[in-house]
There are 4 protein chains.
Amino acid sequence: MSATTVNDKYNAILQAAIEIISEKGLYSTSISDIVKKAGVAQGTFYLYFRSKNALIPAIAQNLISITLEKSKEKTKDRANFMEFLQTFIDEIYNITDEYKDVIVLVYSGLAIDHSMEIWETIYKPYYEWFEDELKRAIGNGEIIGELNVGWTAKMIVNMVENAAERFFIGRDQDITREESQHEVFQFLKRSMAPAK
Amino acid sequence: MSATTVNDKYNAILQAAIEIISEKGLYSTSISDIVKKAGVAQGTFYLYFRSKNALIPAIAQNLISITLEKSKEKTKDRANFMEFLQTFIDEIYNITDEYKDVIVLVYSGLAIDHSMEIWETIYKPYYEWFEDELKRAIGNGEIIGELNVGWTAKMIVNMVENAAERFFIGRDQDITREESQHEVFQFLKRSMAPAK
Amino acid sequence: MSATTVNDKYNAILQAAIEIISEKGLYSTSISDIVKKAGVAQGTFYLYFRSKNALIPAIAQNLISITLEKSKEKTKDRANFMEFLQTFIDEIYNITDEYKDVIVLVYSGLAIDHSMEIWETIYKPYYEWFEDELKRAIGNGEIIGELNVGWTAKMIVNMVENAAERFFIGRDQDITREESQHEVFQFLKRSMAPAK
Amino acid sequence: MSATTVNDKYNAILQAAIEIISEKGLYSTSISDIVKKAGVAQGTFYLYFRSKNALIPAIAQNLISITLEKSKEKTKDRANFMEFLQTFIDEIYNITDEYKDVIVLVYSGLAIDHSMEIWETIYKPYYEWFEDELKRAIGNGEIIGELNVGWTAKMIVNMVENAAERFFIGRDQDITREESQHEVFQFLKRSMAPAK
DNA sequence: GATGAATGAGACTTCATTCAT
DNA sequence: AATGAATGAAGTCTCATTCAT
């Protein structure tokens with residue numbers, strides 16, 4: 001028996017769940033649907049998840065890990081903060097487009113469960129990474145120092161994600177993607193760039 | 001008087017729904033719970049709402065109407081834009097605190113239904129009101145003119161609501177309410193105030 | 001709609017339950033079996049009983065009511081206590097034979113539920129009736145007065161039922177029914193008849 | 001040593017079963033509960049017992065063995081029958097108090113299985129022991145000879161156990177333990193003692 | 001003999017919705 | 001319009017049992 005057998009079943013269930021719930025919604029997806037797609041028995045589900053709701057934090061975790069990984073990867077070679085920020089915004093728009101269904105499911109899933117608090121936990125490494133970028137930029141004199149970096153990191157991440165969600169999920173039709181990304185960037189830049 | 005009776009039942013059901021769903025969540029609340037609290041018969045529900053999901057847009061509408069009304073009321077006597085903005089931020093924090101359960105239910109409810117699009121519809125008058133305020137401020141030279149007012153109105157409303165939600169719902173513990181409001185305000189101000 | 005509609009469904013379920021559970025046992029009987037036999041919908045069961053276990057006290061009540069009624073009826077014309085006792089014993093043997101399956105289900109059902117205490121409640125009118133007979137017999141000098149009538153009533157009822165159950169359910173093969181009844185009667189008579 | 005290991009597992013399972021089933025009832029106890037408490041693997045259960053129901057006769061056997069053993073031990077030095085009987089009654093009350101949960105489970109377990117008949121088999125050595133005591137007492141002229149010893153042995157054992165169960169399990173509140181035991185003893189004595 | 005992950009049948013129960021009154 | 005008993009489909013979850021290691 002390979003050491004990864006356990007993970008195989010767990011992952012099969014998790015991936016099946018993400019696909020089906022993204023498509024049909026949490027409420028309309030039955031555990032029976034999930035196990036059928038995952039190719040495991042009904043009871044096997046309960047060896048890995050206590051209930052249908054217990055899937056949601058796992059899915060959320062998965063989503064944030066992917067987002068963080070991709071964001072880091074795309075931005076790692078940027079020469080200065082404003083370039084970093086522009087690349088970050090672009091990548092968040094990409095990810096939001098690709099994963100919009102998962103994003104919606106994760107929002108609703110956590111809200112349904114009254115477990116919105118765990119957002120902060122899941123986002124923690126993400127916020128910390130962004131905070132570090134802010135600190136470095138402040139150190140370099142690229143952005144002003146008079147802001148609360150912790151709060152600002154959270155705020156920017158949220159603002160960018162929100163703009164992207166409004167564009168791809170809310171279907172804000174008044175503006176193109178380029179314009180939308182441009183407005184976000186300019187708004188942030190104006191607020192953070194040091195006076196010339 | 002007959003018309004009043006009808007409205008009474010409708011409102012009794014809507015209010016009961018808001019209270020119970022806020023507390024127990026949409027999924028765990030049955031129509032039986034709602035009608036029991038509303039004091040009407042099981043079948044009566046279907047005279048006013050097609051299904052359980054049909055409640056959600058009504059609840060969302062209700063929430064946004066209250067928010068818009070209160071925001072207008074509180075800000076109506078503000079002398080200039082920065083004062084208006086500060087009052088607006090404060091009031092959104094108030095409302096988020098008071099209605100956090102309803103906010104969560106409305107998020108999850110609309111997501112469940114894959115009807116996130118209707119957010120834009122419901123928010124429309126709210127965004128328009130804020131847009132008008134922005135336009136007036138631009139006209140007065142209180143804020144810079146180089147921003148897309150439509151997009152910026154939406155962005156600010158979202159940003160403020162998000163900050164408030166992060167504070168009251170996400171339970172961000174790193175900061176006091178005053179600091180949080182202050183950061184939002186400063187961030188927006190820096191980005192929009194004309195260079196002296 | 002007749003006033004007895006409610007009782008009709010309730011009784012249909014109760015009678016169906018008694019028949020099927022007597023035959024197949026509590027554990028092997030599903031609610032689905034019961035409602036099928038009763039001719040009502042699955043959900044209707046839950047309008048009248050909270051769960052499968054909630055049937056048991058109702059069935060027990062039913063059994064004891066029948067037993068008390070038949071015992072009273074059969075013994076009502078007996079001239080003296082010893083004749084009464086003989087007739088009572090005979091009738092208990094009759095009933096035990098006829099209802100042995102129900103008796104077994106009620107024993108096990110209440111034990112399963114850890115609700116043995118309710119026996120005392122259900123038996124109360126039965127014990128009281130027998131107690132009155134004992135008091136009358138004492139008053140008439142037909143039996144000795146030096147016994148605790150409350151306790152003795154319970155003891156005799158239990159002893160007679162036990163003997164009958166041992167005969168019909170335990171399948172004690174060493175003795176005929178007549179001999180068994182005779183032994184019970186003689187034993188009780190010896191213990192209660194006044195010295196000549 | 002291998003044989004010892006086998007017995008260890010068997011006994012671990014049996015004792016765990018008795019404890020858990022006594023507490024939660026047969027129906028609510030799963031084999032998973034039992035093996036967890038016994039500290040063996042799920043599959044190991046099936047090396048020793050064919051099914052969950054197969055536990056019950058083993059538990060019943062265990063209970064009766066203990067009862068017989070204790071009864072013999074306590075009564076072995078009694079000088080005459082009436083003293084023996086008094087000691088026996090007292091000891092049955094003791095045992096009933098100590099093992100009431102097991103008694104309830106054994107009742108329900110056997111009834112569930114429609115295997116009430118096996119009572120007679122399990123009780124056989126117990127009844128025989130009591131029968132021998134009766135015969136000896138008749139031989140000594142301590143009790144009357146006109147009774148069917150086989151039937152009477154069964155009847156007395158049942159009557160005493162019933163009284164004790166009514167007291168400890170049925171929670172008959174009308175009487176103290178001493179009074180209850182006294183009534184049993186007097187009732188039996190009156191019926192069996194030779195006329196002076 | 002011992003293990004325990006995996007199975008999958010099927011039981012219980014809930015609940016949105018209907019409809020006769 | 002209002003009622004609420006009745007429906008029955010469908011979902012969740014449990015659990016005895018198996019079997020490859």
Side-chain angles (χ1 to χ4, degrees), chain A residues 1-2 5-6 8-10 13 27-36 39-54, chain B residues 2-3 5-6 8-10 13 27-36 38-55, chain C residues 1-2 5-6 8-10 13 27-36 39-54, chain D residues 2-3 5-6 8-10 13 27-36 38-55:
Chain A
M1 180 197 299
S2 93
T5 300
V6 166
D8 283 355
K9 301 254 175 200
Y10 176 90
I13 292 169
Y27 181 76
S28 303
T29 300
S30 67
I31 289 173
S32 164
D33 293 333
I34 295 170
V35 295
K36 231 170 274 162
V40 300
Q42 189 82 0
T44 304
F45 180 90
Y46 293 90
L47 293 178
Y48 296 100
F49 297 95
R50 209 188 321 225
S51 70
K52 195 162 70 168
N53 284 343
Chain B
S2 183
T5 304
V6 167
D8 282 356
K9 302 249 177 205
Y10 176 90
I13 292 169
Y27 181 76
S28 304
T29 300
S30 67
I31 290 179
S32 161
D33 292 332
I34 296 170
V35 296
K36 229 170 275 163
V40 302
Q42 190 84 356
T44 305
F45 180 90
Y46 291 89
L47 297 175
Y48 297 100
F49 297 93
R50 200 181 340 197
S51 70
K52 191 163 74 166
N53 286 341
L55 280 166
Chain C
M1 179 195 303
S2 91
T5 300
V6 164
D8 283 355
K9 301 253 177 201
Y10 176 90
I13 292 169
Y27 181 76
S28 305
T29 300
S30 67
I31 289 174
S32 164
D33 293 333
I34 295 170
V35 295
K36 230 168 275 161
V40 302
Q42 189 84 359
T44 305
F45 180 90
Y46 293 90
L47 295 177
Y48 296 101
F49 297 94
R50 207 188 323 222
S51 70
K52 196 163 68 167
N53 284 342
Chain D
S2 182
T5 303
V6 167
D8 281 357
K9 302 249 176 204
Y10 176 91
I13 293 169
Y27 181 77
S28 304
T29 300
S30 66
I31 289 179
S32 162
D33 293 332
I34 295 170
V35 295
K36 229 169 276 161
V40 301
Q42 191 85 355
T44 305
F45 181 90
Y46 291 90
L47 298 174
Y48 298 99
F49 296 94
R50 202 181 338 200
S51 71
K52 192 163 73 164
N53 285 342
L55 281 167

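On a predicted model such as this, the values are computed, not experimentally measured, just so you know. Proteins get letters first, then strands, A, B, ... in listed order; numbering begins at 1 in each.
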[X] [atom1] to [N] [atom2]: how many Å, rounded?
X       : N      : atom1 : atom2 : value
D:Leu55 : F:dT17 : CG    : P     : 11 Å
A:Arg50 : F:dT14 : CZ    : C1'   : 15 Å
D:Asp8  : E:dG1  : CG    : C1'   : 14 Å
D:Ile13 : F:dA16 : CD1   : P     : 14 Å
B:Asn53 : E:dC15 : CG    : P     : 15 Å
D:Tyr27 : F:dA16 : OH    : P     : 10 Å
B:Lys36 : F:dA5  : NZ    : P     : 11 Å
C:Tyr46 : F:dT7  : OH    : C1'   : 14 Å

With DNA chain E as reference, determine whether B:Lys52 or C:Phe45 sits nearer its 5' end, using the nearest nucleotide of each.
C:Phe45
The side chain of [X] lies closest to which of these nucleotides: [options]?
X       : options              : result
A:Thr44 : E:dT17, E:dA6, F:dA2 : E:dA6
D:Val40 : E:dT3, F:dG8, F:dT17 : E:dT3
A:Ala41 : F:dT3, F:dT7, E:dG8  : E:dG8

Taking any strand in view, what nucleotide pairs with E:dT17 in a Watson-Crick or G-U wobble way, both distances under 3.5 Å?
F:dA6
Provide the Watson-Crick or G-U wobble partner of F:dA1, both distances under 3.5 Å; none if there is no partner.
none
B:Tyr27 versus B:Lys52, closest heavy-atom pair with distance:
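So the minimum-distance heavy-atom pair works out to O-NZ, 4.0 Å.
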Return no unless some side-chain N or O of D:Lys9 is found under 4.0 Å from OP1 or OP2 of E:dG1.
no
For F:dA2 and B:Tyr48 - does any side-chain N or O of the residue sit under 4.0 Å from the phosphate oxygens OP1/OP2?
yes
Taking any heavy-atom pair under 4.0 Å as a contact, classify [X]: base, sugar-phosphate, or nothing.
X       : answer
D:Val35 : nothing
A:Ile31 : sugar-phosphate
C:Ser30 : sugar-phosphate

Could you say whether A:Asp33 or D:Gly43 is positioned toward the 5' end of DNA chain F, judged by the nucleotide with the nearest heavy atom to each?
A:Asp33
Closest-nucleotide ordering on DNA chain F, the 5'-leading residue of A:Ser32 and D:Thr29
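The residue whose closest nucleotide sits nearer the 5' end is A:Ser32.
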Separation of [Y] [atom2] from [X] [atom1] (nearest 0.5 Å):
X       : Y       : atom1 : atom2 : answer
C:Ile34 : C:Gln42 : CD1   : CD    : 9.5 Å
D:Ile31 : D:Phe49 : CD1   : CZ    : 10.5 Å
D:Ile13 : D:Leu55 : CD1   : CG    : 8.5 Å

May I ask you to verify whether the side chain of A:Gln42 and the base of F:dT12 hold a donor-acceptor pair under 3.5 Å?
no
Could you label the plane-to-plane angle of the B:Tyr10 and B:Tyr48 rings as parallel, tilted or perpendicular, counting under 30° as parallel and over 60° as perpendicular?
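Ring orientation, 0 to 90° scale: perpendicular.
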Working for side chain to side chain contact (heavy atoms under 4.5 Å, CB included), residues C:Val35 and C:Thr44:
CA-CA 8 Å; C:Val35 295; C:Thr44 305; over 6 Å; no
